[in-house]
Amino acid sequence: YAGVEIDGLHRSQDGGLNWQRFGTGLSSVDIHALAMIDESAGWMLATTNNDLNVSRDGGETWSPEGVSRRFSWGYCRGLAQRPGDPRTVYLGNGNGPPGSAGAIQVSRDGGASWTAGQLDSAPNSTIWTFAVHESAPDFAAAAAVSGLLYLTDDAGGSWRRTRHEFGEIRSVTLVL
């Protein structure tokens with residue numbers, strides 16, 4: 001599977017040789033991130049510029065979740081899953097790209113319900129991306145695109161900002 005920004009969802013069934021665009025019902029073709037919650041059930045999540053979308057049939061059809069009724073903002077960006085626990089999902093969102101405010105949402109049930117992550121200081125932009133590592137499943141990093149980095153060591157229960165502020169962050173990886 002590949003979510004392509006401003007070009008929808010694509011999949012390959014031959015190891016990446018050929019790709020087909022597919023999936024109906026997405027709130028937008030501006031795909032930002034994908035998560036496979038349960039492959040055998042075809043349960044997936046996709047973030048877009050205006051919502052979180054859920055599929056229960058391997059991406060063939062999607063239903064927008066209407067998160068702007070539950071979250072402060074509907075602009076959804078990064079997704080990550082806790083290693084070894086694919087139903088624990090971190091979602092980054094904010095008030096636009098790059099935005100001036102952001103938040104982290106945490107689900108313990110594959111996206112059926114969400115709670116706001118407890119951050120020790122407000123992000124200065126949309127939470128853009130996450131990093132997790134299988135050797136430390138309770139630890140994760142989250143980056144606001146305008147340079148702030150947040151860390152959790154309790155599987156997303158609380159997030160603390162690092163002291164250093166970067167210029168812009170589009171990607172983060174953990175090496176432990």
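Nearest heavy-atom pair, I169 versus L148, reported as atom, atom and distance to 0.1 Å: CD1-O, 3.9 Å. Summarising the geometry of P98 relative to S146, their closest heavy-atom pair is CB-OG, 4.1 Å, with the distance given to 0.1 Å. Shortest non-hydrogen contact noted between R108 and D154 is NH2-O, 4.4 Å. Smallest separation of non-hydrogen atoms from I127 and A103: CG1-O, 3.3 Å. A101 and W73 get closest at one heavy-atom pair: CB-CZ2, 3.5 Å. The two atoms that bring S27 and N53 nearest to each other are N-OD1, 2.9 Å, heavy atoms only.
Hydrophobic clustering (side-chain heavy atoms under 4.5 Å, transitive across Ile, Leu, Val, Met, Phe, Trp, Tyr) keeps L34 apart from V4. L79 is connected to F71 through a chain of hydrophobic side-chain contacts under 4.5 Å among Ile, Leu, Val, Met, Phe, Trp and Tyr, so both are in one cluster. Follow the hydrophobic side-chain contacts under 4.5 Å out from W43 and you reach W114 in the same cluster. The cluster map of Ile, Leu, Val, Met, Phe, Trp and Tyr, joined by side-chain heavy atoms under 4.5 Å apart, puts F130 and W128 in different clusters. L91 and V54 fall within the same hydrophobic cluster, where Ile, Leu, Val, Met, Phe, Trp and Tyr residues are linked whenever their side-chain heavy atoms come under 4.5 Å apart, directly or through other members.
In this structure the side chain of V67 reaches within 4.5 angstrom of the side chain of C76, judged on heavy atoms. Side-chain contact check for L149 versus H164: every heavy-atom pair is 4.5 Å or farther apart. For the pair L52/N93, no side-chain contact is recorded, criterion being any heavy-atom separation below 4.5 Å from C-beta on.
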(request) Decide side-chain contact (heavy atoms from CB on, under 4.5 Å) for Q13 and N18; before the verdict, give the C-alpha distance in whole Å, the side-chain angles of both, and the deciding distance to 0.1 Å. (result) CA-CA 7 Å; Q13 296 177 311; N18 297 289; over 6 Å; no

(message) Could you go through L151 and R160, starting from their C-alpha distance and side-chain angles, then the distance that decides it, and tell me whether this counts as side-chain contact (heavy atoms from CB on, under 4.5 Å)?
(response) CA-CA 5 Å; L151 305 174; R160 67 187 179 285; 4.2 Å; yes

(request) Give the C-alpha distance, both sets of side-chain angles, the deciding distance and a yes or no for side-chain contact (heavy atoms from CB on, under 4.5 Å) between V106 and T115. (result) CA-CA 5 Å; V106 180; T115 58; 4.2 Å; yes

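Counting non-hydrogen atoms of neighbouring residues, nucleotides and ligands closer than 6.0 angstrom, the CD atom of Q20 exceeds 12 such neighbours. Atom CZ of R170 has more than 12 neighbouring heavy atoms from other residues, nucleotides or ligands inside a 6.0 Å radius.
Put simply, the side chain of R82 gets close to the backbone of P137: a donor and an acceptor are under 3.5 Å apart. Between the side chain of T47 and the backbone N or O of A33 there is at least one donor-acceptor pair closer than 3.5 Å. A donor-acceptor pair under 3.5 Å is formed between the side chain of S55 and the backbone N or O of D57. When atom types are taken as modelled, the side chain of Q81 and the backbone of P86 share a donor-acceptor pair closer than 3.5 angstrom. Between the side chain of S125 and the backbone N or O of V145 there is at least one donor-acceptor pair closer than 3.5 Å. Side chain of S12 to backbone of W19: no donor-acceptor contact under 3.5 angstrom is found. Under the 3.5 Å distance criterion, the side-chain polar atoms of Q118 are matched with a main-chain donor or acceptor of A116.
Rounding to the nearest 0.5 angstrom, the gap separating the CG atom in D51 from the CG atom in D30 is 12.5 Å. The line from OG1 of T24 to CH2 of W62 is 10.5 Å long, rounded to the nearest 0.5 Å. To the nearest 0.5 Å, the span separating OH on Y150 from CG on L119 amounts to 5.5 Å. Rounded to the nearest 0.5 angstrom, M44 CE and Y1 OH are separated by 5.0 Å. The line from CG of D7 to CD1 of I31 is 9.5 Å long, rounded to the nearest 0.5 Å. Note that OG of S100 is 9.0 Å distant from CG of N124, once rounded to the nearest 0.5 Å.
For the 3.5 Å distance criterion, the side chains of S28 and N50 fail to qualify, holding no donor opposite an acceptor.
By the 4.0 Å N-to-carboxylate-O rule, D38 lies close enough to R87 to be salt-bridged with it.
Applying side-chain contact (heavy atoms from CB on, under 4.5 Å) to H133 and the options V175, T173, L176 leaves one that passes, L176.
The aromatic rings of Y75 and H32 sit tilted relative to each other, their planes meeting at an angle between 30° and 60°.
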